[in-house]
Amino acid sequence: MMRSLQPYVTIPLVAAVLTICTRLESVCGKQTINYKYINSQPLQIDVFDYSGRSDPKAKSATLIYIHGGGWEFFSKNDIPDYVNGTAQAGKFVLVSVQYRLTDEAEKWGGYDAVTWPSQGEDCLDAVKYVYEHAEELGVDRERMVCWGGSAGGHLCAYTALAGSERGAPTRLKAAVSYYPPTNILMLYSDIDPKVGIDRHVLQADSFESLLLGSAKSHISLGQILENLNNTDAPWPELLQRTLSVDPEFYISEKSPTMLIAHGTMDHTVPYKQGVRLSDALTHFNQTTHVFLTAEGCDHAALPRSCWETTIELTSEWLYQQMK
């Protein structure tokens with residue numbers, strides 16, 4: 001169901017939500033684990049056990065974090081303080097996922113290796129690893145949730161929805177998707193002229209074009225849009241790839257509950273993209289999902305003061321899901 005911030009009573013801020021483990025390796029018991037190999041190179045997860053459990057057989061709720069950065073930048077090390085704080089306050093196991101970035105072609109074996117669906121497959125494989133190694137990681141398989149923002153919000157939504165279609169061991173209980181791109185073909189037309197956008201979308205070097213393989217094909221998202229009805233190669237294949245990026249493509253009666261949050265003044269991913277995913281979930285009778293409108297707020301949880309209430313509501317929602 002669509003919800004804005006206005007109907008909620010402000011929840012007192014849990015102090016831990018705004019804390020961060022400044023020395024993750026030594027203070028928080030970080031484990032770095034190779035969950036798969038590509039081109040003889042490991043892809044890794046970082047695991048932080050905040051459960052405080054004394055019984056080694058005890059199982060904890062698990063929050064899987066997927067970083068953003070246009071599928072091109074940042075890393076599993078870039079965990080927002082509010083995600084860390086939520087995991088600590090909830091006594092969760094926190095897992096941060098590395099996935100292949102579009103500018104790492106040489107590392108992973110060529111451009112095809114960093115073109116969609118590589119990123120989505122990596123995230124699904126990370127979830128599968130956590131599920132299959134739940135005993136040694138202290139993870140409760142029935143309480144696994146993902147959280148991501150921007151490109152990470154997209155990948156979290158994709159992982160939750162596509163994973164639910166595949167069933168265990170990739171099924172998640174719930175997902176939190178902050179300011180996600182959710183419909184690549186409609187992203188440019190979703191730009192609100194009163195808000196604008198701080199980057200280009202249609203050119204061959206845009207985040208979206210690179211995700212679709214433009215570094216090799218030199219074909220931009222704009223060109224794909226111009227050839228939607230072209231039945232000559234390579235356009236049908238490129239259209240299918242573009243459609244397969246969209247999380248809504250995987251919605252079904254099996255889909256887990258989701259919380260989607262988007263700012264109305266987002267200059268990077270239009271607010272309407274978040275609305276589209278919420279509407280698609282409603283269309284498929286997934287009425288238990290929550291949509292939070294962050295009035296006047298921008299991308300990347302900025303300004304922070306604008307996002308504080310949304311973060312509080314998200315944390316409380318996660319604690320309810322993890323029960």
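Residues H299 and S150 have side chains that bring a donor and an acceptor to within less than 3.5 angstrom of each other. At a cut-off of 3.5 Å, with distance as the only test, no side-chain donor of D279 or H283 sits close to an acceptor on the other residue. Between the side chains of S209 and Q203, no donor-acceptor pair of N or O atoms lies under 3.5 Å.
Enclosure of atom CD in E237 is not indicated, since only 12 or fewer non-hydrogen atoms of other residues, nucleotides or ligands lie within 6.0 angstrom. More than 12 non-hydrogen atoms from other residues, nucleotides or ligands lie less than 6.0 angstrom from NZ of K107. Counting heavy-atom neighbours within 6.0 Å of N229 CG, excluding the residue itself, gives a total of 12 or less. Counting heavy atoms of neighbouring residues, nucleotides and ligands inside a 6.0 Å radius, atom CD of E142 does not exceed 12 of them.
The shortest distance between side-chain heavy atoms of N227 and D232 does not fall below 4.5 Å. The shortest side-chain heavy-atom distance between T170 and D125 does not fall under the 4.5 Å cut-off. Annotation: side chain of Y65 is not in contact with side chain of N84 (no heavy-atom distance under 4.5 Å). Under the 4.5 Å side-chain criterion, counting only non-hydrogen atoms from C-beta, Y188 is not in contact with P270. Proximity of E135 to K59: side-chain heavy atoms (C-beta onward) are separated by under 4.5 Å at one or more points. For the pair R199/T268, a side-chain contact is recorded, criterion being any heavy-atom separation below 4.5 Å from C-beta on. Residues M186 and R276 form a side-chain contact, since some pair of their non-hydrogen atoms from C-beta on lies under 4.5 Å apart. Here the side chains of I219 and I224 are in contact, with some heavy-atom distance below 4.5 Å.
Scanning both residues, M322 and L63, for their nearest heavy atoms gives CE-N, 4.2 Å. Closest non-hydrogen pair, Y250 versus E165, comes out as O-CG, 3.7 Å. Residues Y271 and T293 approach most closely at OH-OG1, 2.7 Å, considering heavy atoms. In terms of heavy-atom proximity, K36 sits nearest to R100 at NZ-NH2, 3.8 Å. Nearest heavy atoms, S118 versus A113: OG-O, 2.9 Å. For the residue pair G109 and N39, the shortest heavy atom distance occurs at N-ND2, 3.4 Å.
The main-chain N or O of V114 is never found under 3.5 Å from a side-chain atom of E104 such that the two would form a donor-acceptor pair. Of the possible polar contacts, none joining the H262 side chain to the S177 backbone as a donor-acceptor pair under 3.5 Å is found. Of the possible polar contacts, none joining the R143 side chain to the K173 backbone as a donor-acceptor pair under 3.5 Å is found. Of the possible donor and acceptor atoms, none in the side chain of K76 sits under 3.5 Å from a partner among the backbone N and O of D46. Judged by distance alone, with hydrogens and angles left aside, the side-chain atoms of T182 form a donor-acceptor pair with the main-chain N or O of Q273 at under 3.5 Å. For S214 (side chain) and D205 (main-chain N/O), no donor-acceptor pair under 3.5 Å exists by modelled atom type. Without hydrogens or angle criteria, Q223 side chain to S220 main chain gives a donor-acceptor distance under 3.5 Å. Side chain of S278 to main chain of V275: no donor-acceptor pair is present (N/O by atom type, distance under 3.5 Å, no hydrogens or angles). Panel note: side chain S206, backbone L202; no donor-acceptor pair is recorded below 3.5 Å. For R141 (side chain) and Y131 (main-chain N/O), a donor-acceptor pair under 3.5 Å exists by modelled atom type.
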Are I184 and D246 close enough, and set up right, to give a side-chain contact (heavy atoms from CB on, under 4.5 Å), and what steps lead you there? CA-CA 7 Å; I184 301 299; D246 298 340; 3.6 Å; yes

Criterion ring pair (Phe, Tyr, Trp, His ring centres under 6.0 Å) on W147 and Y178, from CA distance to verdict: CA-CA 8 Å; W147 188 347; Y178 270 21; 5.5 Å; yes

Could you please spell out the steps behind the ring pair (Phe, Tyr, Trp, His ring centres under 6.0 Å) verdict for Y37 and W108? CA-CA 9 Å; Y37 288 83; W108 300 114; 9.7 Å; no

I'd like to know whether H67 forms a ring pair (Phe, Tyr, Trp, His ring centres under 6.0 Å) with Y99, so could you lay out the CA-CA distance, the side-chain angles of the two residues, the decisive distance to 0.1 Å, and finally the verdict. CA-CA 9 Å; H67 72 84; Y99 58 89; 4.5 Å; yes

Residue pair M144, V127: steps toward the side-chain contact (heavy atoms from CB on, under 4.5 Å) verdict: CA-CA 9 Å; M144 293 169 53; V127 171; 3.9 Å; yes

The test is side-chain contact (heavy atoms from CB on, under 4.5 Å); show your working for D298 and Y179 and say whether it passes. CA-CA 9 Å; D298 204 345; Y179 31 85; over 6 Å; no

Would L318 and V176 count as a side-chain contact (heavy atoms from CB on, under 4.5 Å) if you check the C-alpha gap in whole Å, the side-chain angles of each, and the deciding distance to 0.1 Å? CA-CA 8 Å; L318 274 174; V176 175; 3.9 Å; yes

After noting the C-alpha distance and the side-chain angles of D192 and K272, does the key distance pass the salt bridge (charged side-chain N to carboxylate O under 4.0 Å, His left out) rule? CA-CA 8 Å; D192 185 338; K272 193 172 180 180; over 6 Å; no

Carefully, step by step, assess W116 and Y158 under the rule ring pair (Phe, Tyr, Trp, His ring centres under 6.0 Å). CA-CA 12 Å; W116 183 263; Y158 168 83; 4.9 Å; yes

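In this structure, CG on L221 lies 13.5 Å from CZ on F207, to the nearest 0.5 angstrom. In this structure, the separation between CG on D122 and CD1 on I45 is 12.5 Å, given to the nearest 0.5 Å. T159 contributes atom OG1, which lies 8.5 Å from atom NE2 of H154 (distance to the nearest 0.5 angstrom). Here the CG-OG1 distance, from L239 to T231, works out to 12.0 Å after rounding to the nearest 0.5 Å. From Q44, atom CD reaches atom OG of S96 across 11.0 Å, with rounding to the nearest 0.5 Å. How far CD1 of I197 is from CG of L187: 6.0 Å, rounded to the nearest 0.5 Å.
Clustering ILVMFWY residues whenever any of their side-chain heavy atoms sit less than 4.5 angstrom apart, transitively, puts V269 in a cluster other than the one holding L277. W235 and L211 fall within the same hydrophobic cluster, where Ile, Leu, Val, Met, Phe, Trp and Tyr residues are linked whenever their side-chain heavy atoms come under 4.5 Å apart, directly or through other members. A chain of hydrophobic side-chain contacts below 4.5 Å, direct or via other Ile, Leu, Val, Met, Phe, Trp or Tyr residues, connects I311 to Y319. Residues V195 and I191 do not share a hydrophobic cluster, defined by chaining ILVMFWY side chains whose heavy atoms lie under 4.5 Å apart. Criterion: ILVMFWY side-chain heavy atoms under 4.5 Å apart, direct or through other members. Under it, L302 and F73 are not part of a common hydrophobic cluster.
The only option from D103, L210, L155 that meets the side-chain contact (heavy atoms from CB on, under 4.5 Å) definition with W71 turns out to be L155.
Comment: D81 engages R304 in a salt bridge, judged by a side-chain N to carboxylate O separation of less than 4.0 angstrom.
Cys pair C156/C123: SG-SG separation is not below 2.5 Å.
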